[in-house]
Number of protein chains: 2
Amino acid sequence: MSSDNYHHGNLKNALIKAGMEILEKKGTGGLSLRSVAKQAGVSHAAPYAHFADKQALIAAISTEGFKRLLDKLEIVRKMNANDPPALLVEISWAYIRFAQQEPDCFKLMFSSALEKEKEYSDFVKVSQQNFRQLVDVVEVCQQAGILEAGPADQIAVSVWGTVHGLIMLMLEGQVPHSVLEKYPLRKLLLFSLNQIAVNELTE
Amino acid sequence: MSSDNYHHGNLKNALIKAGMEILEKKGTGGLSLRSVAKQAGVSHAAPYAHFADKQALIAAISTEGFKRLLDKLEIVRKMNANDPPALLVEISWAYIRFAQQEPDCFKLMFSSALEKEKEYSDFVKVSQQNFRQLVDVVEVCQQAGILEAGPADQIAVSVWGTVHGLIMLMLEGQVPHSVLEKYPLRKLLLFSLNQIAVNELTE
DNA sequence: AGCTGAACTTTACATCGTAAAGATTATACA
DNA sequence: TGTATAATCTTTACGATGTAAAGTTCAGCT
């Protein structure tokens, strides 16, 4: 807090924050250990006091991204708790919006952890939390009769995959322009969700 | 052909091939320009005679991966041309199998090109070709009554997203073990496709 | 006050992408 | 056929990167 040079006090979190800032400004390409250290105002080897290697820092940044995503989804979930059709649509839409607003962070979250089978237990934990929330939503929708009965975890994977695949193809520029001109992203999402839902979801 | 040191003869393709080999053996982390050059038996700067920079080589490798995927899908498409339900299932399954067999190549294909808006026209071309094939399959399935009528390109995005998202979440280790133990991947695929299909798809 | 260990810096090194200049070969044109 | 020119490849060089090792500073305990 007071001292300047040594014992930053909370360098670990400062590095994660610095990493997210660089990710926003410079994208994945600019995310080097040294640049993160510089952004946090410490020497280039300082991160090694808190992270085993670059992968570990990346994992921590991904975990932070996951937490932010979780928070956003949670808010949407509470706001639409007693309107299951809207819940399904809006939580999916929030997922997509997050991916659009922080594309580099989002891509990092889904392209890092398994590099080596190092556990990164925080990452696994928040990932599981995310899935559990999704299963909850599915169960609510099942009880409301807008998703078919059956194993909620299996349906959750199916729904998640559909939404995740859509935004991924989008971010990678795989969805042809001709399609995007005709149907805005929100329409594509609604359409895909309607493939899954038993009753029609509308705006 | 004959001379050894200079004028390799077909270095461009040799580099692409070398890149795919390294991708299989060492994964994305081992894919450096220098390692690719060494694998092809040339000096580390030789690739610059054929590729503008590393990104361009990566794009070429991705394009080659896309071609291989396209070939596999084409074979499956021809084998199941007059059995639409099997066509839909098997071409999706082939997509997933490819991703499982060459995960690093697959991930590269869907995580590179847009780095800068450099055109990489070959990549765009083969990507469009892939989408067109998918639209064809969708239309066949619509005519057979196993996919609902409507704009085929929109449905194609939906189907592709579903399959792509499923295997992506899988490769990134996001699908909980508990789910995988209960339902093998093929079952999860069938389940997801059945969410979309109007008539039941079976084995 | 002095010891100990954690947090941070400095130095060093191998590897990376890439630029520049030199060497070698193929090709086009006289 | 001989030679200029361009294409292909090598060599050398440089800055940036990840990381190891050793040195420095500081907090807290005895």
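These numbers come from the heavy atoms of this one structure, side chains and all, not from hydrogens, waters or symmetry mates. Since the structure is predicted, the reported quantities are computational estimates derived from the model, not experimental observations.
When the nucleotides C:dT18, C:dC8, C:dT9 are ranked by their closest atom to the side chain of A:Ser43, C:dT9 comes out on top. For B:Asp53, counting side-chain heavy atoms from C-beta on, the closest listed nucleotide (C:dT18, D:dC9, D:dA20) is C:dT18. Comparing atom distances between the B:Ala45 side chain and each of C:dC8, D:dT11, D:dT19 picks out D:dT11 as nearest. With distances taken from any side-chain atom of A:Lys54 to the nucleotides D:dT19, C:dC8, D:dT10, the minimum falls on D:dT19.
Residues B:Leu188 and B:Val179 have side chains in contact (heavy-atom distance under 4.5 Å, counting atoms from C-beta outward).
With rounding to whole Å, B:Tyr48 atom OH is found 7 Å from C:dG17 atom P. Between the CG atom of A:Leu11 and the P atom of C:dC8 there is a distance of 5 Å, rounded to whole Å. Rounded to whole Å, the distance from CZ on A:Phe51 to P on C:dC8 is 11 Å. A:Lys38 has its NZ atom 14 Å from the P atom of D:dG15, to the nearest Å. Going from atom CG of A:Leu15 over to atom C1' of C:dT9 covers 14 Å, rounded to whole Å. Across the protein-nucleic acid pair, A:Ile58 atom CD1 and D:dG18 atom C1' stand 12 Å apart, rounded to whole Å. Note: CG (A:Asn10) to P (C:dA6) measures 18 Å, nearest angstrom. The separation between A:Leu57 atom CG and D:dT17 atom P is 14 Å, rounded to whole Å.
Using cut-offs of 30° and 60° for the angle between ring planes, the B:Trp160 and B:Phe110 rings count as perpendicular.
At a threshold of 4.0 Å, the pair A:Glu181-A:Lys187 does not count as salt-bridged, since none of the basic side-chain nitrogens sits closer than that to a carboxylate oxygen.
The phosphate of C:dC16 has OP1 or OP2 within less than 4.0 Å of a side-chain N or O from B:Ser32.
Closest approach of A:Val126 and A:Leu70 over heavy atoms only: CG2-CD1, 3.5 Å.
If you check every strand for non-hydrogen atoms under 4.0 Å, B:His44 touches a base.
Comparing B:Lys12 and B:Arg34 by the nucleotide of DNA chain D whose heavy atom lies nearest to each, the residue mapping closer to the 5' end is B:Lys12.
Without hydrogens or angle criteria, B:Ser111 side chain to B:Lys107 main chain gives a donor-acceptor distance under 3.5 Å.
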